[in-house]
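Note that the structure is predicted; figures quoted are calculated from it, not measured. In listed order, ligands and their atoms are each counted from 1.
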Amino acid sequence: MIHVKTTEEIELMRDSALVVSRTLGMLASEIKPGANPLKLDKMAEEFIREQGAVPGFLGMYDFPNTLNWSPNAQVVHGIPNNEPLKEGDVISVDCGALKNGFYGDHAYTFAVGEVDEAVNKLLKVTKESLYVGIREFKLGNRVGDVAYAIQNYCESHGYGVVRELVGHGLGKDLHEDPQMPNYGKRGRGKKFVNGMVVAIEPMINMGTRRIKQLKDGWTILTADGKPSAHFEHDVALIDGKPELLSTFQYIYDALGVTSNEEEEFRAKKTA
Ligand code: MG
Ligand code: MG
C-alpha cells in the first residue's frame, strides 16, 4: 500500500533527508587516502545524533553500523571495517536517519584521490541516470517510466544495471511501497500520485549486472570484480512534479564542486 504524505509530513521528511545530506557532506571532507572506515562510521553516528536524529540503518535487520560502506566492487550493504581507503578507490556510502518518525535515505559514491578515467565515467553516468530517472517521477507516469529511463541510459553506456536491489517508497518505514526498480518497461507498474515520496537509487556496474553476496550476509559485490556506483536521492511528488528532499550540495561545498544539477528539482520560489 502506498502511504501518501501530507504537506506537513513532507516537510518533516525534508528535515530527515537533510540530516543525511549534511552527514554525507561532513564525510566528504574526511574521505581521503588513509581514512579509517570505522572511525568515519562513528563520526557519522555522532553527527546524526547531534542533529536530533538517530541512525536509520544501525540495528535495522541487525545491521551493525551507521553507514553502508561499499568500496570498489562492492555494490551496496558493505560493512565498515578497519581497512583504510586507498588512492584510486571509489567508496559508495549509503546513510539513513530517523527524525520525527520519518526516514531519510541518501547515498553517494566518492572518488578517493585520483581515480581511473573509466571509473570516473561510471560515477558520472550513474549520477546522471539518477536525474534521468527523477525527471520521470511525475504525475501521470508510472514506476516503469522511471525504471526504463535509468536502465536505458546506463545500458546505452554499456553498463550493467543491478536487478536484485531496488529503490523504494520512503516514510515512517525505511522501505515502503512501491518498489522502484532501476530496470523495466515504460507505462508499467504503479501510477504516481501527488504526495508520494520515494528513494530513487541506481546501482550500476561497470561490467556485468550479475552480483554475489559475501558470507557476512550483507555485502553485495559485482560478480566480475569490476567497480560499481550508487547514488540515491529522496524525492517528493508535489504539484505533479518531482522535488528533491535530499541534496548533494553539502558534498559539493566540501569538495569545492560547482553544480546546478539539482536546480530543476527545487521548488520555484515565488517573489
Ligand atoms: Mg540508501
Ligand atoms: Mg534506499
Side-chain angles (χ1 to χ4, degrees), residues 2-3 5 13-14 16-28 31 37 40-41 44-45 47-48 53-71 74-80 90-99 102-110 123 126-127 129-131 133-134 137 143 146-147 150 161-183 190 196-204 211 218-221 228-237 242 244-248 250-251:
I2 291 173
H3 294 281
K5 276 77 182 176
M13 292 198 69
R14 191 190 306 277
S16 303
L18 289 178
V19 168
V20 187
S21 302
R22 284 190 286 264
T23 305
L24 292 183
M26 180 276 290
L27 291 170
I31 287 177
L40 298 194
D41 186 77
E45 177 180 352
F47 194 74
I48 288 169
V54 295
F57 298 165
L58 183 65
M60 164 92 59
Y61 317 116
D62 291 328
F63 189 77
N65 291 87
T66 293
L67 302 175
N68 285 357
W69 183 265
S70 311
Q74 295 187 11
V75 180
V76 287
H77 300 170
I79 301 175
V90 289
I91 179 67
S92 297
V93 183
D94 194 349
C95 184
L98 178 64
K99 186 175 180 184
F102 288 95
Y103 280 95
D105 181 14
H106 190 41
Y108 194 89
T109 300
F110 297 88
L123 303 191
T126 303
K127 182 150 66 71
S129 81
L130 171 60
Y131 295 111
I134 290 171
F137 181 56
V143 166
V146 171
I150 293 171
V161 177
V162 172
R163 303 286 204 272
E164 293 85 349
L165 299 134
V166 297
H168 48 92
L170 186 70
K172 289 183 175 167
D173 287 310
L174 179 60
H175 298 122
E176 297 188 352
D177 283 342
Q179 289 200 342
M180 296 288 295
N182 300 303
Y183 68 96
K190 295 247 170 67
M196 279 177 79
V197 179
V198 295
I200 300 179
E201 49 178 318
M203 289 156 254
I204 306 301
I211 56 168
W218 280 104
T219 311
I220 303 290
L221 61 171
S228 185
H230 178 214
F231 292 86
E232 177 177 26
H233 266 314
D234 302 339
V235 195
L237 188 56
L244 286 183
L245 302 182
S246 53
T247 176
F248 293 141
Y250 297 102
I251 296 173

Could you tell me if the side chain of Leu165 sits less than 4.5 Å from the side chain of Ile211, heavy atoms only?
yes
Looking at Asp177, Asp173, Asp105, which hits side chain to side chain donor-acceptor pair (under 3.5 Å) with His168?
Asp105
Please table the atom pairs, donor to acceptor, closer than 3.5 Å between any side-chain atom in residues 61-69 and protein atoms at least two apart or in another chain.
| from | atom 1 | to | atom 2 | distance (Å) |
| --- | --- | --- | --- | --- |
| Tyr61 | OH | His175 | ND1 | 3.2 |
| Asn65 | ND2 | Asp41 | OD2 | 3.1 |

Result, protein N, O or S atoms below 2.8 Å from the Mg ion (ligand 2), excl. waters, equals 4
I need the minimum non-hydrogen distance between Met13 and Tyr103, along with the two atoms involved.
CE-O, 3.7 Å
For Leu123 versus Ala229, what's the shortest heavy-atom pair and its separation?
CD2-CB, 3.8 Å
To check you understand the geometry: which heavy-atom pair defines the closest contact between His3 and Lys5, and what is its length?
O-NZ, 2.9 Å
